[in-house]
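Here is the structure we will look at.
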Amino acid sequence: MESAHIAQILDEMGTILEIQGENPFRCRAYHNAAQVLSSLPADLSEMIADGTLADVPGIGETMHAKIVQLATTGHLPAYDKLRKAMPSGILALLKVPGLGPKKIKALRDALKIESLADLREAAQSGAIARQKGFGAKTEANILEGLAFLEKSGGRILLNEALLLVTPIFEAVRQHARVIRAEICGSLRRRTETIGDLDILFSAEDPAPILKDFVGLPQVAKVLAHGTTKASVLLPGFKSDQYVQCDLRGVEDRQFPFALHYFTGSKAHNIAIRRRALARGLSLNEYALTGNGSEVACRTEADLFEALGLPEIPAELREDAGEIEAAEKGTLPHLVTVRDLTGTFHCHSDWSDGEATLEQMADGARSAGLAYLGIADHSRSLRMAGGLTIEQVRDQWTRIDALNEKFGRGFRLFKGTECDILADGTLDYPDEVLEGFDYVVASVHSHFRMSREEMTARMIRAVSNPRVTMLGHPTGRLLLVRDSYAVDLDAVIEAAARAGTMIEINANPHRLDLDAVHCRRARQKGVRIVINPDAHSVSGLQDLTYGVSVARRAWLSPADLLNTAPLEKVARQLQQVRTRRGTARAGRDR
DNA sequence: GCCGTTTTCGGCCCGACTGTTTTCAGTCG
């Protein structure tokens, strides 16, 4: 069984134990282990085999045994027992805003509520309001929460979150009484999907700003409105979808502590607070205190310094080794969008793109890029306008002519996004493939084959010396479609052996490779490329989301192909094609 | 269930807001 699946089971065990009223710290141990498992530095089976799993903080003797049992047999009696005691409908109750483990346990014990349907019925009949500890308001909130659940699509994409939050954030930031403001939460950490939007500001008196916030025209409903914090619902992008937005106000001297606190992640915060305690200090969202006096900090960097650490970039704050690396002084110099010199996986109107080759080139130049790779679809992908061999040759001629015109300042590279056929071979014959500057190989068909078949298919493709880089490795569409079944670690391993690069597809619907596997790929020595998969000039802007993934994967400019100057990139593409002295990414840090 | 530069036992992050309470429990982040 894979680590992601095991993490899900441990998380669920923690939740069931919570509803059963188990010791909260024991429950947390399960949630914590799940979180640790989902961002392991290496393949789980490897870590079991070489014993390193036992050294991972948060995984003790008991948890280790459970994980090993799940990984090797796929079963865990303790889990089966918990599941038997807890109908699956009960877990769904946790999604209702305002309902937590305690209330769910109380409702189950008193009214036998075991599903969303039971809950609705009890609330509508007025039975809940009559329970001790519950009242009319709680019952109304439950009914409203049920309606919200039906409407809300849950999480949203990173680009959608930025679009939603920006006008609100600007309104807060430019408020006359606001001193400082920042976007916090998972959005500041740039996670691939976002649950809610968090904004923090400082002011002498937060109340008037909160009052203006809940009165903004975008606000569909006010969930809470106090003197230092307010929560509202904003209309999302799907009809009847709502997204929660929280605003917090603090005094300016509290700002760095609150900024750190509300940026999270929760796991990172807990680890940092433990570190503070170990040094005789106490950290909360307002202050760092020691011996009864506050340690003054002007910025987040000051806060980290007070704990003996360099500033940890927000994207790394997952308690996935960043505190240890900061301590040792081995934090990476993370790549930024300004480090990118060009990009490779882009489409033109020769296949399913909107823009001409010239328009794409102009767009790239005005974005400050020194080169652009055109990788239109290959011949099998008819519905996306895949190019025949004749069209490929015509396109090469056209690109050569354009490059003449551009001179030395800019270059279009001749590429292809070539389909990986069902058997792992490529969609053009070798003599055609050899004419491209580079080949992006992608799966676009036969998604439903077995894990073994898909893995063999993709290993064959990345091992093909004519393949420069693997495109969107899992085929997932965030919030829409899961990855196809594939042993990604085995594919990464094969790519490392063959010297084949892997892309971070920066399209916000994909973000594929994900940060966790990207970090592992780099550690295996795979060179990474950030590609926008642009189908228009504006699609080039998606590169920024790819940079977010790269940063979350601890990548430095040296780990990427498309941070090098044009001449070096051209040389490296040539080297990959001939597989001579393939440049490897940096060593483990 | 995890963990140890006071500890192998006894801690485990902590404050705002809400609702149901007359002093606090539950939820949330």
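Chain A is the first sequence line, chain B the second, and so forth, proteins listed ahead of strands; every chain is numbered from 1.
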Audit row: A:E285, A:H260, side chain to side chain donor-acceptor pair (under 3.5 Å) steps and yes/no: CA-CA 8 Å; A:E285 61 254 59; A:H260 178 262; over 6 Å; no

Residue pair A:D80, A:H75: steps toward the side chain to side chain donor-acceptor pair (under 3.5 Å) verdict: CA-CA 8 Å; A:D80 299 337; A:H75 292 285; 4.7 Å; no

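Judged by atom type and distance alone, A:N23 reaches the base of B:dG1 through a side-chain donor-acceptor pair under 3.5 Å.
Comparing B:dT27 with B:dC13, their C1' atoms sit 16 Å apart, to the nearest whole Å. For the C1' atom pair drawn from B:dG1 and B:dT8, the interatomic distance equals 15 Å after rounding to whole Å. Taking atom C1' on both B:dC12 and B:dC17, the two are 24 Å apart, rounded to the nearest angstrom. For B:dG29 and B:dT23, the P atoms lie 29 Å apart once the distance is rounded to whole Å. Rounded to whole Å, the separation between the P atoms of B:dT20 and B:dA25 comes to 16 Å. To the nearest whole angstrom, the two C1' atoms, one in B:dG4 and one in B:dC14, are 22 Å apart. Rounded to whole Å, the separation between the P atoms of B:dT7 and B:dC2 comes to 22 Å.
The distance from atom NE2 of A:H64 to atom P of B:dC3 is 12 Å, rounded to the nearest whole Å. A:L277 has its CG atom 8 Å from the P atom of B:dC13, to the nearest Å. In this structure, the CG atom of A:L283 is 10 Å from the P atom of B:dG15, given to the nearest Å. Rounding to whole angstrom units, CD of residue A:E61 and P of B:dT8 are separated by 18 Å. Atom NE2 in A:H260 sits about 16 Å away from atom C1' in B:dG15, given to the nearest Å. Taking atom NE2 of residue A:H31 and atom C1' of nucleotide B:dG1, one finds them 12 Å apart after rounding to whole Å. For A:R28 and B:dC13, the CZ to C1' distance is 7 Å, given to the nearest whole Å. Taking atom CD on A:E327 and atom C1' on B:dT5, their separation rounds to 12 Å, with Å as the unit.
DNA chain B is contacted by both A:S282 and A:L94; A:S282 maps to the nucleotide lying nearer its 5′ end (nearest heavy atom per residue). In terms of position along DNA chain B, the nucleotide closest to A:R274 lies nearer the 5' end than the nucleotide closest to the other residue of the pair A:I104 and A:R274.
Residue contacts shown for A:L99 are limited to sugar-phosphate atoms, with no base heavy atom under 4.0 Å away. Here A:P24 lies out of heavy-atom contact (under 4.0 Å) with every strand. Within the 4.0 angstrom heavy-atom criterion, only backbone atoms of the sugar-phosphate kind lie near A:K66; the bases stay farther away.
Distances shown here put a side-chain N or O of A:R26 below 4.0 Å from the OP1 or OP2 atom of B:dG1.
Closest non-hydrogen pair, A:C184 versus A:F262, comes out as CB-O, 3.3 Å. Of all the heavy atoms in A:K524 and A:E493, the pair that sits closest is NZ-OE1, 3.2 Å. Here the closest heavy-atom approach between residue A:F257 and residue A:V295 is recorded as CZ-O, 3.5 Å.
For A:E322 (side chain) and A:A320 (main-chain N/O), a donor-acceptor pair under 3.5 Å exists by modelled atom type.
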Under 4.0 Å protein heavy-atom contact, by nucleotide of nucleotides 16-22 of chain B - B base, S sugar-phosphate only: SSSSSS-

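Salt bridge annotation for A:E294-A:R253: present, with a cationic side-chain nitrogen under 4.0 angstrom from a carboxylate oxygen.
Around atom CZ of A:R177, no more than 12 heavy atoms belonging to other residues, nucleotides or ligands sit under 6.0 Å away.
B:dT8 is unpaired under the criterion used here, namely a Watson-Crick or G-U wobble arrangement in which both key atom distances are under 3.5 Å.
Distance from the side chain of A:N284 is smallest to B:dG15 among B:dG29, B:dG1, B:dG15.
Rounded to the nearest 0.5 angstrom, A:N159 CG and A:T193 OG1 are separated by 11.5 Å.
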